[in-house]
Structure formats: structure tokens, C-alpha cells
Amino acid sequence: MRAPRTFHVKSFGCQMNVYDGERMSELMATDGLVAADADSADLVVLNTCHIREKATEKVYSDIGRMRKTARLAGRAAPMIAVAGCVAQAEGEEIVARAKVDVVVGPQAYHRLPALVRDAAAGAPAIDTALPALAKFAGLPARRRVAPSAFLTVQEGCDKFCTYCVVPYTRGAEVSRPFAAIVDEAKALIDAGAKEITLLGQNVNAWADGEQGLHDLIRALDRIPGLARIRYTTSHPNDLTQGLIDAHRDVAGLMPFLHLPVQAGSDRVLRAMNRSHTRDGYLRLIDRIRAARPDIALSGDFIVGFPGETEAEFAETLGLVDAVGYAQAFSFNYSPRPGTPAATLPGRIAPEEMNERLQRLQAAINRDQLAFNRASVGRICEVLIERPGKRPGQVLGKSPWLQSVHLDAAAPIGDLIAVELVEAGPNSLAGVARIQAAA
Ligand code: 5AD
Ligand code: SF4
């Protein structure tokens, strides 16, 4: 196979995969390849997700489709690299089954150019080593990014919730050093970022010596040019008083917290090995709201965990009622190979799971609309992120992570004062007020 001259990276799954995908693109561009669309690129990198089922099947069918498209167009099939969490979980299996050229895990993608060269020389190239943090040193500096940028500060997970593959695909909890993060934040700001979302599978477990995430946030808040800081995803057990205090005092830290709870029943939480109770979670929410009364809360839920009874599911609905989320994600339980829950008895029938999921999503949607409606009349800063669907319209985000569309000639990347005037379930309409300093 000849060495590729053009490339395309396609990312699935979480925000960390989006970040990894951007960094792989920068790496390939630095190596001299030119970005192209998926249907014409010589090299396609599939940056995969393994969190729920069918992810693997999706990768194989995607590969088949790309090869067929190339064949029908009379083009050579692209070189295919499988990256991300499916690459980590399946390894050589993918080469055996789909004859892909490169398999590279989420901790090894700094080696992508070398692996692509090996593959071009004729041998399938595989690297699924999990060296903590090695990749970051091998990545080029950030050059041009969107107004809202991601920055990975922590990776991996030591919590071992019984349903979850992340400890196996992303490895153990590791934190990047304070100085490396500050340097990357400065580079992102120079490259156009106004908002930075700090990413980690357990971001609030970030630590460097004595310093915790709140210290990092306070330091980043002092960097000129950085208007907004967010972080995701947090685990309730690592939410320190220091971080709660930061929500009270740090002006640049946005009033939004994604704090997954997964279920409302203590029996289910124990079976999930969540190591917190329903009540512990609710008390934590009370403390956060005391520090920052307007905070928007977000969560993740799993319905139909093995053995979940109707009464236990009702406790999840009750918890949703008690918290009043501004938004939340909910999923049917999906058995993941190699995880402890996959062998538990008491599987819930798919129809039952779907029915519970619908009831849960109805409750979440109701609360999301209520939260958006309660925002009408607020004047807040909106970070303009992209052009809207209609000419003359722009789209941005409120401090509470709501999508806001408005008719204004505001440049992308500006922060402008906006009055929220109308609420829908998924977005709000705004009207520009006085121009705020960017
Ligand atoms: N089945 C269903 N949902 C899952 N999640 C993680 N593992 C599973 C699984 N096996 C959900 C959790 C997590 C989010 C990222 O994905 O809610 O917080
Ligand atoms: Fe999917 Fe988890 Fe991997 Fe992100 S870390 S891509 S959510 S399996």
C-alpha cells in the first residue's frame, strides 16, 4: 500500500475522543498529510467508542461501507486506522477480522505517523500499550481551535463501577502535570479559545502533589484572555469542598456541573459499586447549591441494571424529581464484555428497559424545559460559537451551557450580553443587549 497523502479522522463517543481526534489531526498535519473528507482521504482514522453495545459492530460496518464506496467510485480502498477504545479493547482481533492497517489505543496515538509508515511498508501495525501520559510529549502544539476548546487534564479511572469498560480501555487514573496543563491552556488561548473545558474520565480526581482541581481552576482563571472554564466528568466522591468553594468565588468558572449518579436506589448503587448513596449524593447537591444557587446540574443515568425492580427504578425517577436537572443523559444498561455486571443474573427485558427509559427521559425533558423557561428574562453573557441555520443568525452558549440563538452581527468567538427571551426544550432565543468586553 502506498503512503497516504491525505487523511480524515472520524470520532465517536465522548468529549475526550473529540479532543484526541483533534490532536491526531494536528499530528498528521504536522507529519505532512493534508486533511480531506471521509470519502476521498487516503487514510481514514476511526476514533472509536466502546462504552455501550454495538460500538464494535458499528466499526466493522463502517469499514465495510468505506471500502464499498471506494470500490464503486473506482478508487483504491483507503488505509484504515482504528483508534480509540474499541482499538484498545479488541486489539489484534480487529486486524484478524477486518484486515485494517493500523490499530492504535487511546494512550498510544502519538505513534500514529510511525504506525502509518509501518503499515505503508506492508505490515499491519498495532500499538495498544497503556503508557501513562507518554503521548502528550509527542504531540505538536495547538495552533487553531474553536472558541470553546477541550483540554485533557486527567485520564483513566480507578473506580471500577461494575458496568463500565473505561478502567480497561483508558487505564488507571493519571493526572497531567500542572505546568503542562497551564502551557497547553495558554497555547489554546493563543490559538483562539475563549472557553476551556477541562476533560477527564474522573476530572475532579485531578491532582498534582498537594494541588487539586480547584487550585488548577483558580490558576487558569488568572490567565488573560481566558473567559470561561468548565470541567467534566466528575465523580461524586471526588467533589471536594475546595471545588465547591471555587464555584462560589471563581468568576470564570461557569455555573454548570455534570455529576452522574446513575441510579436512585441504594441497592442498585451498591451493585454498581458506586460507593456513594442516594442520600450522600443529594446532600452534595445541597452543598453545591448553597455555594452557587444558580448552578445548572447535569447527570448520567443507567436504566435496567441487572436485577433493577420497578420500585428501584421509581427511586431513580424520584431522585430526578428531587434534583431538577437542567439536562441529563440516560441509557439502557448494556453488558460490556469483561465487566463484573455482565455476568450478573436478573437481566431486564429490552421492552421493559425501553419503557423505563422513556419514562425517565420524559421526566428529564420536563425538567430541562422548566429550567430553560426559568431562564427567560435573564441577561447573561453568550459565547458566540458558530453561524446559525438562518443567515444573520449566530449560535452560542449561555453560562449554564444552554444553546442560544440570536440575530446579531456578532463575530464568532465574541462574548456578548444577551437577554434570553424565549425557551424551547433544547435551546433559547436571545436578543443582544449592551456589548460586553470579549
Ligand atoms: N451501559 C449503559 N450505560 C453505560 N454507561 C457507562 N457504561 C455503561 C453501560 N455498560 C453510561 C454511564 C456513564 C456514561 C458515560 O455512559 O451513565 O456515566
Ligand atoms: Fe467511549 Fe469511554 Fe472510550 Fe470515551 S472513554 S470513547 S466514552 S469508552
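Residue numbers start at 1 and run along the sequence shown. This is a predicted model, so every value here is computed, not measured. Numbering of ligands and ligand atoms starts at 1, following listing order.
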Less than 6.0 angstrom from the centroid, inside 45 degrees of the normal: does R336 satisfy that with respect to the ring of Y163? no

Has ligand 1 got any nitrogen or oxygen that is less than 3.5 angstrom from a nitrogen or oxygen of Q262? yes

Note: ligand 1 atoms sitting under 4.0 Å from heavy atoms of R336 are 10 (N)

Relative to each other, are the rings of F160 and Y168 parallel, tilted or perpendicular (30° and 60° limits)? perpendicular

Where's the contact between N332 and ligand 1, heavy-atom distance under 4.0 Å: side chain, backbone, both or neither? backbone

Output yes when the distance from some N or O of ligand 1 to some N or O of D300 is under 3.5 Å, and no in every other case. yes

How does F331 reach ligand 1, if at all, at less than 4.0 Å between non-hydrogen atoms: by side chain, backbone, both, or neither? side chain

Using modelled atom types and a 3.5 Å cut-off, is there a donor and acceptor pairing between side-chain atoms of H258 and backbone atoms of T233? no

Nearest to atom 6 (C) of ligand 1 by heavy atom, I51, V165, T233: which? I51

Taking atom CZ of R373 as the centre, report whether more than 12 heavy atoms of other residues, nucleotides or ligands fall under 6.0 Å from it. no

Looking at R144, R142, R143, which one forms a salt bridge (charged side-chain N to carboxylate O under 4.0 Å, His left out) with E26? R142

